Undergrad: 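One structure coming up, written as structure tokens, with questions to follow.
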Amino acid sequence: MRVSRFLLSTVKETPADAEVISHQLMLRAGMIRKLAAGLYTWLPLGLRVLRKVEAIVREEMDRAGAQEVLMPAVQPAELWQESGRWNQYGAELLRIKDRHHREFCFGPTHEEVITDVIRREIRSYKQLPANFYQIQTKFRDETRPRFGVMRAREFIMKDAYSFHLDLASLQETYDLMHSTYSRIFTCLGLQFRAVEADTGSIGGRSSHEFHVLADSGEDAIAFCDTCDYAANVEMAVSRLPAPSHEAVRAKEKVTTPGIRTVDEQATMLGISHERIVKSIVVMADDKPAVFFICGSDDLNTIKAAHALGAITLRLAEAAEVLAVTGAPVGFVGPLNLPATLTVIVDSQAAQTHNFSSGANQVDYHWINLNWGVDVPLPTVADVRSVCIGEQCPRCDGHLSIRRGIEVGHIFQLGTKYSQALNATCLDEQGKATVMTMGCYGIGVSRIVASAIEQNNDAQGIIWPNSIAPFHVALLPMNMHKSYRVREAAEKLYDELCAAGIEVLFDDRKERPGVMFADMELIGIPYRLVLGERGLDEGVIEYKERRTNTGQNIGLADVVAFMQAQLTQ
RNA sequence: CGGGGUGUAGCUCAGCCUGGUAGAGCACUUGCUUCGGGAGCAAGGGGCCGGAGGUUCGAAUCCUCUCAUCCCGACCA
């Protein structure tokens, strides 16, 4: 490709509304342009990268035996009503009406559609297992799109759905997808981890997320430093410390005027955070519930929602706390709460002896409360978030926490959708059986951004070879003055192209500094500079973007040399 | 959805407080010089100052409403 014929829309200044480095560089390199909040146009340079990511995903999905399909982006409301998600999904689902006032949505995901297709097409167990995928535009009306294509409203996703007669078959495909995903992210040249994850609103059983490690990631991931345990902090558990066996003391009510926080309570009463059990009032599916957790811990709202079997969960407002418990925020405690309230104690807080807690009365707290003595022990559940340094649940190692960008997610759906849509096939006995499903997503457009998060420097992007928009930048020095340089550059360009190497030939009438800066900004992995000086010696200057090292190559050897670089 | 910020040239921003008819740098066009790390000089094109209403002789500037957008939080395969 000749730069003079290519829309190379680089900009020097960093756009004001770009926060993370990948967003800034994608705008500066001229890969994307914003149309509206969360909606982006892919310019030629960006699209080349996107297509490379798609190609790798497609190749590996095909290799794993999945079949490609393409489903409509717009889906009828009836299917979503059949699965029950029309009402569940909320405002994130973009609902639209056609000219006949019939309701549709722009698909945020395709479980309903694929299940509808398969219930019509597959009749026999002999056709199973089967895995279908597509690479397609999705729309989710995010409350707050941000970070460019990282969290856009419209985005490209590879979604796959597998169908099985039984769980054993599902597990097999699930494992195959797990290893396929690992191959894909390895091919893409990304540092990633597979972690245990929550299934979220999509429902189902087991689930793993694939995260590209980056400080700008929106998710926190807990890792064991010894074994391979890794989990999203939404899910992560740690081993409880051994319970203490201290003597039960008599409870005592103390005045604590104006106390609001655990810190103030600890200071005023002269006790440690571990000896405080705080009470957190939540509204779960609009019904109140109270969680008791250690003063030093954070309530994990995902775990809390699971513990209640609730779909939505939020912290209660101050007025709601007062209405529900009769005590203002800061003074709620387990003793003498209204008996009708749902209460759950965290497994760690359940081990605490002689703890302090609110007295459900303004300006009073209890000290030396004990479960089973002063207060009946409520339902116990793990509802706290793990902290750095805690013990791994699987081994004697310790947990550390890093940030990650979720680029893939695999689920064992089970029969949630096949049941709802009555997707059955006949088993060996000729009996109709509800198929078991798995689903497997990859955020294709998000991968482009996450690759940049992991591969950049002060000059710009540094593409991994596998997804670089071009392999080589060919930069002639003063080609417009030197006939010799022009001749040699044109010849070399033809030879490289003929060898199947993707070359970006900078034939603009630009100064060298401009060319260098542009090629570094857009991240082309290899650079060939051709000038009068080199021509005199029959060489061309070769340089690697990532290492900033290079050497002179004999003109006759350039094609072979570049081929070797690209296949290594 | 709560809190905060910002809308002035394609981009980054100044001007607004203290009303008087539009600015800089970058980018773009042309010419000359320069020519291996984002050149210099000169000339030029480009803005309904987000939109609507109001105050005023006069509004980018003051007031009201509205729209958009960004950040923090809540939410989120």
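Since the model is a prediction, treat every value here as computed from it, not as a measurement. Values below: every heavy atom of this structure, side chains too, minus hydrogens, waters and symmetry copies. In what follows, chains carry the letters A, B, and so on, assigned in the order in which the sequence lines appear, proteins first and then strands, with residues in each chain numbered from 1.
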Undergrad: Between A/Glu142 and A/Arg153, does any NZ, NE, NH1 or NH2 come within less than 4.0 Å of an OD or OE carboxylate oxygen?
TA: no
Undergrad: Determine the Euclidean distance between corresponding P atoms of B/C13 and B/G4; express it in Å to zero decimal places.
TA: 22 Å
Undergrad: Checking base pairs now: Watson-Crick or wobble, both atom distances under 3.5 Å. What partners B/G47?
TA: none
Undergrad: Regarding A/Glu13, tell me which of base, sugar-phosphate or nothing describes its non-hydrogen contacts under 4.0 Å with the strands shown.
TA: base
Undergrad: Looking at every strand, decide which applies to A/Arg314 at a 4.0 Å heavy-atom threshold: base, sugar-phosphate, or nothing.
TA: nothing
Undergrad: Just call it for A/Gly90: base, sugar-phosphate, or nothing, with non-hydrogen atoms closer than 4.0 Å on any strand.
TA: nothing
Undergrad: Would you mind classifying the nucleic acid contact of A/Met157 as base, sugar-phosphate or nothing, using non-hydrogen atoms under 4.0 angstrom?
TA: base
Undergrad: If you compare every side-chain N and O of A/Lys34 against the phosphate oxygens of B/C70 (OP1, OP2), does one of them come in below 4.0 Å?
TA: yes
Undergrad: With sugar-phosphate meaning primed atoms plus P, OP1 and OP2, does A/Phe155 contact a base, only sugar-phosphate, or nothing at under 4.0 Å between heavy atoms?
TA: base
Undergrad: Please state how far atom CD in A/Gln88 lies from atom C1' in B/C76, giving the value in whole angstrom units.
TA: 15 Å
Undergrad: Side chain of A/Glu520 only, heavy atoms from C-beta on: which candidate in B/C76, B/G37, B/G38 is closest?
TA: B/G37
Undergrad: Does B/A42 pair with anything, Watson-Crick or G-U wobble, both distances under 3.5 Å, and if so, with which nucleotide?
TA: B/U30
Undergrad: Output the single nucleotide from B/G37, B/A77, B/U69 whose closest atom is nearest the side chain of A/Glu406.
TA: B/A77
Undergrad: Select base, sugar-phosphate, or nothing to describe what A/Asp159 touches, counting heavy atoms under 4.0 Å on all strands.
TA: nothing
Undergrad: So, OP1 or OP2 of B/A39: does either fall under 4.0 Å of a side-chain N or O from A/Arg511?
TA: yes
Undergrad: Please give the distance between the C1' atoms of B/A52 and B/A68 as a whole number of Å.
TA: 15 Å
Undergrad: Provide the Watson-Crick or G-U wobble partner of B/A14, both distances under 3.5 Å; none if there is no partner.
TA: none
Undergrad: In the structure shown, which nucleotide is the Watson-Crick or G-U wobble counterpart of B/C1, with both distances under 3.5 Å?
TA: B/G73
Undergrad: Does A/Lys481 reach a base, just sugar-phosphate, or nothing at all? Heavy atoms under 4.0 Å.
TA: base
Undergrad: Could you check whether A/Arg85 pairs with A/Glu112 (Lys NZ or Arg NE/NH1/NH2 to Asp/Glu carboxylate O, under 4.0 Å)?
TA: yes
Undergrad: Please report the distance separating the P of B/C48 from the corresponding atom of B/A9, rounded so that it comes out in whole Å.
TA: 9 Å
Undergrad: For nucleotides B/U21 and B/G25, find the distance between their C1' atoms and express it as a whole number of Å.
TA: 24 Å
Undergrad: Evaluate the ring planes of A/Tyr440 and A/Tyr174, with Trp represented by its six-membered ring, and classify them as parallel (under 30°), tilted (30 to 60°) or perpendicular (over 60°).
TA: tilted
Undergrad: Can you tell me, in whole Å, how much space there is between the C1' of B/G20 and that of B/C65?
TA: 27 Å
Undergrad: Could you state the atom-to-atom distance from CD1 of A/Ile540 to P of B/G36 in whole Å?
TA: 16 Å
Undergrad: Would you state whether a donor and an acceptor, one from the side chain of A/Asp518 and one from the base of B/G38, lie under 3.5 Å apart?
TA: yes
Undergrad: Using a cut-off of 4.0 Å on non-hydrogen atoms, how would the nucleic acid contact of A/Glu510 be classed: base, sugar-phosphate, or nothing?
TA: nothing
Undergrad: Is A/Asp536 paired with A/Arg484 through a side-chain N to carboxylate O contact shorter than 4.0 Å?
TA: yes
Undergrad: Considering every strand and a 4.0 Å limit on heavy-atom distances, what is the contact class for A/Ile410: base, sugar-phosphate, or nothing?
TA: nothing
Undergrad: How many Å lie between CD on A/Glu320 and C1' on B/G2, as a whole number?
TA: 14 Å
Undergrad: Measuring only the P atom in each nucleotide, how far is B/G46 from B/C62? A whole number of Å is fine.
TA: 29 Å
Undergrad: Just to confirm, is there a sub-4.0 Å distance from OP1 or OP2 of B/C11 to any side-chain nitrogen or oxygen of A/Lys12?
TA: no
Undergrad: What does B/A68 pair with, Watson-Crick or G-U, if both distances are under 3.5 Å?
TA: B/U6
Undergrad: Measure from the side-chain heavy atoms of A/Thr301 and tell me the nearest of B/C76, B/C75, B/G73.
TA: B/C75
Undergrad: Under 3.5 Å, is there a donor on one side chain and an acceptor on the other for A/Asn552 and A/Glu541?
TA: no
Undergrad: Which base, if any, makes a Watson-Crick or G-U wobble pair with B/G37, both distances under 3.5 Å?
TA: none
Undergrad: May I ask you to say what A/Gly441 touches in the nucleic acid, namely base, sugar-phosphate or nothing, with a heavy-atom cut-off under 4.0 Å?
TA: nothing
Undergrad: Look through every strand shown and name the nucleotide pairing with B/U61 as Watson-Crick or G-U wobble, where both distances are under 3.5 Å.
TA: none
Undergrad: Please figure out whether A/Arg146 or A/Glu532 has its closest RNA chain B nucleotide nearer the 5' end.
TA: A/Glu532
Undergrad: Look at all strands and tell whether A/Arg446 reaches a base, only sugar-phosphate, or nothing, counting heavy atoms closer than 4.0 Å.
TA: base
Undergrad: With side chain to side chain donor-acceptor pair (under 3.5 Å) as the criterion, how do A/Thr547 and A/Glu544 come out once you've worked through the C-alpha distance, each side chain's angles and the decisive distance to 0.1 Å?
TA: CA-CA 6 Å; A/Thr547 59; A/Glu544 276 180 34; 3.1 Å; yes
Undergrad: Among B/U12, B/C72, B/G38, which is the nearest nucleotide to the side chain of A/Ala517?
TA: B/G38
Undergrad: At under 4.0 Å between heavy atoms, what does A/Asn478 touch on the DNA or RNA strands: base, sugar-phosphate, or nothing?
TA: base
Undergrad: Where each residue is assigned the nucleotide of RNA chain B containing its nearest heavy atom, which of A/Gly534 and A/Ala37 is assigned the position nearer the 5′ end?
TA: A/Gly534
Undergrad: Looking at every strand, decide which applies to A/Arg527 at a 4.0 Å heavy-atom threshold: base, sugar-phosphate, or nothing.
TA: base
Undergrad: Please state the C1' separation for the pair B/G47 and B/C28 - nearest whole angstrom.
TA: 15 Å
Undergrad: Please determine whether a side-chain nitrogen of the Lys or Arg among A/Lys138 and A/Asp159 lies less than 4.0 Å from a carboxylate oxygen of the Asp or Glu.
TA: yes
Undergrad: For A/Arg403, is there an ion pair with A/Glu218 - N to carboxylate O distance below 4.0 angstrom?
TA: no
Undergrad: Checking all strands, does A/Pro15 fall into the base, sugar-phosphate, or nothing category for heavy-atom contacts under 4.0 angstrom?
TA: sugar-phosphate
Undergrad: The side chain of A/Phe411 is closest to which nucleotide in this list: B/A77, B/G36, B/C13?
TA: B/A77
Undergrad: Considering the options A/Phe185, A/Phe210, A/Phe411, which one meets the ring-ring contact (aromatic ring centres under 6.0 Å, His included) requirement together with A/His178?
TA: A/Phe210
Undergrad: Determine the Euclidean distance between corresponding C1' atoms of B/U34 and B/C67; express it in Å to zero decimal places.
TA: 49 Å
